[in-house]
> 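Just passing along the structure, written as structure tokens.
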There are 2 protein chains.
Amino acid sequence: MPDAFDLESFLPYRLNRAAELISLSFSREYKQRFQMTRPEWRALAALGSVGSMTATEIGTHSNMHKTKVSRAVAALEERRWLKRRENETDRRVEHLELTAAGQKAYREIADLAHTYQATLEKALGTGAIERIEAGLADVERALLAKRR
Amino acid sequence: MPDAFDLESFLPYRLNRAAELISLSFSREYKQRFQMTRPEWRALAALGSVGSMTATEIGTHSNMHKTKVSRAVAALEERRWLKRRENETDRRVEHLELTAAGQKAYREIADLAHTYQATLEKALGTGAIERIEAGLADVERALLAKRR
DNA sequence: AATCGACGGTTACACTTGCAACCATCTCGA
DNA sequence: TCGAGATGGTTGCAAGTGTAACCGTCGATT
């Protein structure tokens with residue numbers, strides 16, 4: 001059966017398979033220690049590294065749907081890892097920032113992530129990750145340009 | 001605030017963001033035309049390109065959980081795009097293959113995928129996709145080795 | 001032949017998710 | 001100043017998902 005199309009070299013497929021695999025692999029590292037979903041961890045990371053953001057900013061930054069962000073933020077707040085601060089001039093907006101406990105958690109997980117990536121870098125050889133990420137950046141750029 | 005960890009260069013995050021983006025982008029191409037979920041499309045593609053597989057084989061091939069495969073297969077069968085053929089010597093196993101209608105659908109979507117990838121290749125430059133996929137393969141290899 | 005564990009596949013249940021509809025607030029123009 | 005539309009954020013609902021428990025079948029050991 002002659003076949004012009006090979007699933008194995010179809011980029012969306014390959015990208016998803018790799019992403020799911022690595023996601024699973026890393027989540028094993030923190031799911032147990034901290035009881036946290038991936039959107040929560042993303043929001044935490046965004047806030048931890050940037051400092052203070054609105055929900056919308058978190059969404060665009062990490063490409064998460066606003067309902068996902070909303071729920072993640074609610075969960076982090078529930079856990080007292082984050083607090084909302086209202087905007088003076090626009091009362092729709094809420095500035096979000098980590099509490100002391102939130103920053104502590106962030107540092108711990110960031111540390112975990114750091115060593116995880118280091119292990120990976122060692123297994124793949126120097127520069128490999130940078131090359132992959134450069135490729136991913138190109139893909140994202142192309143797709144976002146296409147969207148218009 | 002000195003920060004040893006940068007989310008933006010954390011591979012699991014980057015991989016997931018890119019994967020979600022491209023998935024969304026491509027699904028827009030077929031979600032409307034065919035009413036099909038991603039697992040169904042994956043199963044269809046696997047069967048279409050390989051010819052005949054068992055559910056377990058589809059699962060390992062495309063890294064899908066067996067319940068996902070089970071449901072996708074049931075849906076495709078419901079639509080009469082696939083039929084099950086029982087194994088002579090082991091009655092637990094079912095060989096799955098596409099019906100004529102299923103093959104027709106497969107060819108259409110494969111075509112869509114093909115032109116999609118061609119557009120992407122043009123936007124990214126020759127060889128870019130191959131390079132990315134080679135990198136992904138390395139990552140997957142490293143992760144699967146780690147798992148043991 | 002009876003038993004035990006492994007395996008292919010399905011199902012029940014709880015949880016996560018995306019979409020659409022929604023509320024409150026803001027902005028802009030008539 | 002009023003109304004129409006845009007925007008930040010939340011929620012109801014339907015659909016998708018993973019975990020675990022399950023059913024039937026197989027292979028090996030006894």
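Protein chains get the first letters and strands the later ones, always in sequence-line order, with residue 1 at the start of each. Quantities reported herein were computed from a predicted structural model and do not represent experimental measurements.
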> Expressed as a whole number of angstroms, how long is the span from B:Met53:CE to C:dG9:P?
11 Å
> Quick one: which of C:dC19, C:dC13, C:dG8 gets closest to the side chain of A:His65?
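Minimum distance to the A:His65 side chain belongs to C:dC19.
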> Looking just at side-chain N and O atoms, do A:Tyr116 and A:Ser25 make a donor-acceptor pair shorter than 3.5 Å?
yes
> Considering residues, nucleotides and ligands other than B:Arg84, do more than 12 of their heavy atoms fall under 6.0 Å from its CZ?
yes
> Which whole-number value in Å describes the distance from A:Met36 CE to C:dC15 P?
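It is 18 Å, rounded to the nearest whole Å.
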> Rounded to whole Å, how long is the line connecting atom CD of B:Gln35 with atom P of C:dC19?
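After rounding, the reported distance stands at 13 Å.
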> Taking A:Glu133 for the side chain and B:Arg14 for the main chain, is one N or O donor matched with an acceptor at less than 3.5 Å?
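Checked: no pair found.
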> Taking side-chain contact (heavy atoms from CB on, under 4.5 Å) as the definition, give me every residue that meets it alongside A:Lys83, ordered by chain and number, with sequence neighbours left out.
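Applying side-chain contact (heavy atoms from CB on, under 4.5 Å) to A:Lys83 gives A:Glu97, A:Thr99.
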> Tell me which pairs pass salt bridge (charged side-chain N to carboxylate O under 4.0 Å, His left out) where either residue lies in residues 36-57 of chain A, with sequence neighbours left out.
A:Arg38-B:Glu20, A:Glu40-A:Arg79, A:Arg42-B:Glu20
> Looking at A:Arg92 and A:Glu86, does any basic side-chain N land under 4.0 Å from a carboxylate oxygen?
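No.
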> Which part of the nucleic acid, if any, lies within contact of A:Thr67, taking any heavy atom under 4.0 Å across all strands shown: a base, the sugar-phosphate backbone alone, or nothing?
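Base, at least one base atom sits under 4.0 Å.
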> Salt bridge check, B:Arg85 against B:Glu94: does any charged N sit closer than 4.0 Å to a carboxylate O?
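Salt bridge flag = no for B:Arg85 with B:Glu94.
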> Tell me if a side-chain donor or acceptor on B:Ser70 pairs with a main-chain N or O of B:Lys66 at a distance below 3.5 Å.
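No, B:Ser70 side chain to B:Lys66 backbone: no donor-acceptor pair under 3.5 Å.
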> Is B:Arg33 paired with B:Glu29 through a side-chain N to carboxylate O contact shorter than 4.0 Å?
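No, no charged N to carboxylate O under 4.0 Å.
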> Taking heavy atoms of chain A and a 4.0 Å limit, find me the 5'-most and 3'-most nucleotide of DNA chain D within that range.
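Under 4.0 Å from chain A, the extent on DNA chain D is D:dA6 to D:dC13.
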> Between B:Lys68 and A:Glu57, just flag the one whose closest nucleotide in DNA chain D comes earlier from the 5' side.
A:Glu57
> What pairs meet the ring pair (Phe, Tyr, Trp, His ring centres under 6.0 Å) rule with one or both residues in residues 67-88 of chain A, with sequence neighbours excluded?
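Qualifying pairs, neighbours excluded: none.
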> Heavy atoms from C-beta onward define the side chain here; which of C:dG18, C:dA12, C:dT10 lies closest to that of B:Lys66?
C:dT10
> When the distance from CZ of B:Arg38 to C1' of C:dT16 is rounded to whole Å, what number comes out?
14 Å
> When you measure from every atom of DNA chain D, which of residues 75-85 of chain B have a heavy atom less than 4.0 Å away?
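Residues of residues 75-85 of chain B that come under 4.0 Å of DNA chain D do not exist, since none gets that close.
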> Between protein and nucleic acid, restricted to nucleotides 23-28 of chain C and to nitrogen or oxygen atoms under 3.5 Å apart, what atom pairs and distances do you find?
residue : atom : partner : partner atom : Å
C:dT25  : O2   : A:Arg92 : NH1          : 3.4
C:dC26  : OP1  : A:Arg91 : N            : 2.7

> Has B:Arg17 got a side-chain atom pairing as donor or acceptor with A:Ser62's backbone, closer than 3.5 angstrom?
no
